[in-house]
Undergrad: 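Got a structure for you, questions after.
Throughout, a chain's letter reflects where its sequence line sits, starting with A, and its residues are numbered from 1.
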2 protein chains.
Amino acid sequence: MSVIRGARQRARIEVTAAIKDEARRQLAAEGAARLSLRAVARELGMVSSALYRYFPSRDDLLTALIIDAYNALGEAAEAALAESKGVPPADRWRAVCQAVRRWALAHPHEYALIYGSPVPGYTAPRDTAAPAARVGRALLAVALDAQEDGELGEPADGPLPPGVRTDVERIAAELAADLPQPVIAGLTAAWSQLFGLVGFEVFGHFNNVVEARDEFFDHSCAALAHQVGLSSAHGTHGAHGRLLPRE
Amino acid sequence: MSVIRGARQRARIEVTAAIKDEARRQLAAEGAARLSLRAVARELGMVSSALYRYFPSRDDLLTALIIDAYNALGEAAEAALAESKGVPPADRWRAVCQAVRRWALAHPHEYALIYGSPVPGYTAPRDTAAPAARVGRALLAVALDAQEDGELGEPADGPLPPGVRTDVERIAAELAADLPQPVIAGLTAAWSQLFGLVGFEVFGHFNNVVEARDEFFDHSCAALAHQVGLSSAHGTHGAHGRLLPRE
DNA sequence: CAACAACGTGAGCAGTGCTCTTGCGAAGGC
DNA sequence: GCCTTCGCAAGAGCACTGCTCACGTTGTTG
C-alpha cells in the first residue's frame, strides 16, 4: 500500500505534485479565473493534452487546489490552537480567529477559491467536506477545552427554536461534543460570522470604512467569543501583543 | 438634459438595457464565469463585435451588472426597513436581515457576483461604492430610529481600541450618525457578520450542518441585534410569522 | 445638401478547454 | 529473454471565447 511500486508510480506522483504546484503559483498570482491548463503545461515544458493524464478536467485540478487550500487553512488554525494551549479561552479563541485571518490575507486568491463564489459546477465534491470542517473543529476545540477547565459560561440568548435544537443535537452527536446546546448554536453562528469579517477584509468591503483592521478584527472576535460563552479575563482585552505578534 | 434627443439616443438606451437584461438572464442561469458576450449577442440577434459599441469590455458589462445587483439588494433592504416602521427595533433589524437573505437566496449568482470572489481585475471601480453602501445604511437606520425612540441600549463590550475609535468617529461624521461609539463599532461588525451568515447559506457551507436555515438565521440575527444594542422585546422572539411570511 | 459621427457587419487574431489518433518505452507474464 | 499490454507524451484539430479592425450604412447636425 504505502510501498512505492516502481519508477512509474513515483514519476506520476512527482508530476502530479509539479502540476499542482505550478497551478497554485498561477492561482496565487492571477486568481482562479485566469488559471489556464495550457499555461500550466507550457510552464512545465509539456503539451497541454498530456496534462489530462493527471487531471481529467480543469475543474478537477481546481478541486485538488480547493482541498489543499482547506487543509492549509485548517493547519494554520490547528497550529494556533496548539500553540495557545493554557491561555484563557477568550484569548485562545482570538488566536485561532487571527490565524484564519492571517492565512486569508496572505493567500487571498486561495481564500477566494474556498470561501468566495463556488466556481466549479456550483456543487462541491464530497472530498472537500472533511478538510473544510477543520477550522470549525478548531473553534469547537476551544470551547471543549474551556468547558473542561470550567471556564465556559452559557450565552444568555433566548431559548433555541425547535428546528435549531434538533440541528444542534445532531451536531453534538456527530462531533461527540458534550457542550450546552446554546454554546453549539452560538459556535455555529460565530463560525460563519468569522468568515464574514475575514471575507469583508480580504475582498475589500472594508475599504474606506475600517482602517484599523487589526484592532477592529480583534475587538470583534472578542465579542464573538463572548457570544459563544467564552468568559474573557478582564484587562487582557486590548493587549494582544504577546499572543499575536504583528506579522 | 433629460429631453430625449432623437431616435438614435433612444435606441441606444433600449439596446443597452436589452444587453444588460440578457446578460442578467445568463448570469442568473449559469453564473458569472459562464457569461459570454458572444452568447448575449447571439441571443439578441446581433454580431458580437456590435456589442462593443455599448460596453468596452466584458468586465465593464459585469461592472454594470454588479451595480445593478447592489441596487437591487439595497432596495430590498430599504423596502423591509420602510415596511417595518413602528415595530420594535430588534424585530426591524431581523426584518432587514431577512430581506437581505431572501434576496440572496433568490439571486444566488448575482449575490456571488457582489459578495463572492471579486472577479474583474481584483479592484472594484469607484461607481460601486455608493450602491454597495445601501444595505449598511439600512441597518444603520434601524439603530438611528431606535435611538430616537429611546430604545437603544449600549452594548456592554470592552472599551474600544484607539484605532477603532478614530474609524468610528470618521464613520459617524460621514454618515451624520449621532450614535454611541460602541454601537457604530458593533454595527460595522454585525454588518459584515450578516454577510457571513448569508454567504455560508448561499454558498452551501451549511450543508449537512444547519438544516433549519430559517430558524437558525433568525435566531442568529436576534443575537446580532443584541450585539448592536437593540433591545429585544421578550416573547416575540420565535414568532416571526406575521413579520416575515414564508415566501 | 454635405460632412460627420454613430452604428452594424464580417473577417480575423490569439487564446482557451478538451478529444482523438499516433507512436514510444517501460512493466509484467510466458 | 521475448512479447504483449498498458501508461504516457505528442500533435492535430474542434468549438468556443474576448477583442480588434477595416468596411459600408444611416441618422444627426452644421
Side-chain angles (χ1 to χ4, degrees), chain A residues 1 3-20 22-27 29-66 113 119-122 125, chain B residues 1-20 22-27 29-66 109 113 119-122 125:
Chain A
M1 185 73 105
V3 179
I4 297 178
R5 296 262 191 201
R8 201 139 208 182
Q9 292 207 359
R10 181 179 302 219
R12 179 168 186 86
I13 296 174
E14 270 177 25
V15 174
T16 306
I19 292 173
K20 284 210 294 186
E22 177 57 31
R24 189 165 16 246
R25 252 207 54 240
Q26 294 195 12
L27 171 65
E30 301 265 28
R34 302 277 207 275
L35 182 124
S36 145
L37 277 190
R38 293 181 112 113
V40 170
R42 210 178 300 133
E43 210 70 21
L44 261 54
M46 54 166 118
V47 149
S48 70
S49 59
L51 221 142
Y52 286 82
R53 299 275 173 190
Y54 300 88
F55 295 94
S57 81
R58 184 180 181 274
D59 279 3
D60 289 87
L61 213 195
L62 273 182
T63 302
L65 293 183
I66 286 174
L113 192 61
V119 31
Y122 205 53
Chain B
M1 184 69 109
S2 72
V3 179
I4 297 180
R5 297 263 188 197
R8 202 142 207 180
Q9 289 205 2
R10 181 180 302 219
R12 181 170 184 86
I13 297 174
E14 270 178 24
V15 173
T16 307
I19 293 172
K20 285 211 293 186
E22 177 58 30
R24 191 167 14 247
R25 251 208 53 239
Q26 293 194 13
L27 171 66
E30 302 264 27
R34 302 276 209 275
L35 183 127
S36 145
L37 278 190
R38 291 181 112 111
V40 169
R42 210 177 299 132
E43 210 69 22
L44 261 53
M46 52 168 122
V47 150
S48 70
S49 58
L51 220 141
Y52 286 83
R53 302 278 177 192
Y54 299 89
F55 294 94
S57 81
R58 183 180 182 272
D59 279 3
D60 290 86
L61 213 194
L62 273 181
T63 302
L65 294 183
I66 286 175
H109 284 120
L113 192 61
V119 31
Y122 205 53

Undergrad: Under 3.5 Å, is there a donor-acceptor pair between the B:D60 and B:T63 side chains?
TA: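 No.
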Undergrad: Rounded to whole Å, please give me the gap between CZ in A:F55 and C1' in C:dC18.
TA: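 Whole-Å distance recorded here is 16 Å.
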Undergrad: Separation of B:R34 atom CZ from C:dT16 atom P, in whole Å?
TA: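 Result: 17 Å.
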Undergrad: Mind listing the closest non-hydrogen atom pair of B:H109 and B:G31 along with its distance?
TA: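 Scanning both residues, the minimum pair turns out to be CD2-CA, 3.4 Å.
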Undergrad: Quickly work out the A:Q26 CD to C:dG15 C1' distance and round it to whole Å.
TA: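 Going from CD in A:Q26 over to C1' in C:dG15 covers 14 Å.
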Undergrad: What does the B/S/- profile of nucleotides 7-17 of chain D look like, 5' to 3', with a 4.0 Å heavy-atom cutoff to protein?
TA: BBBBB-B---B
Undergrad: List in chain and number order the residues that pass side chain to side chain contact (heavy atoms under 4.5 Å, CB included) with B:S49, two or more places apart in sequence or in another chain; answer none if no residue qualifies.
TA: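 For B:S49 the side chain to side chain contact (heavy atoms under 4.5 Å, CB included) partners, ignoring immediate neighbours, are B:V47.
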Undergrad: Please check this pair: side chain of B:R58 against backbone of B:L35, looking for a donor-acceptor N/O pair closer than 3.5 Å.
TA: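 Side chain of B:R58 to backbone of B:L35, a donor-acceptor pair under 3.5 Å: yes, one is there.
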Undergrad: Got B:L37 and B:F55 here, is their nearest side-chain heavy-atom distance under 4.5 Å?
TA: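 The answer is no; the side chains never approach within 4.5 Å.
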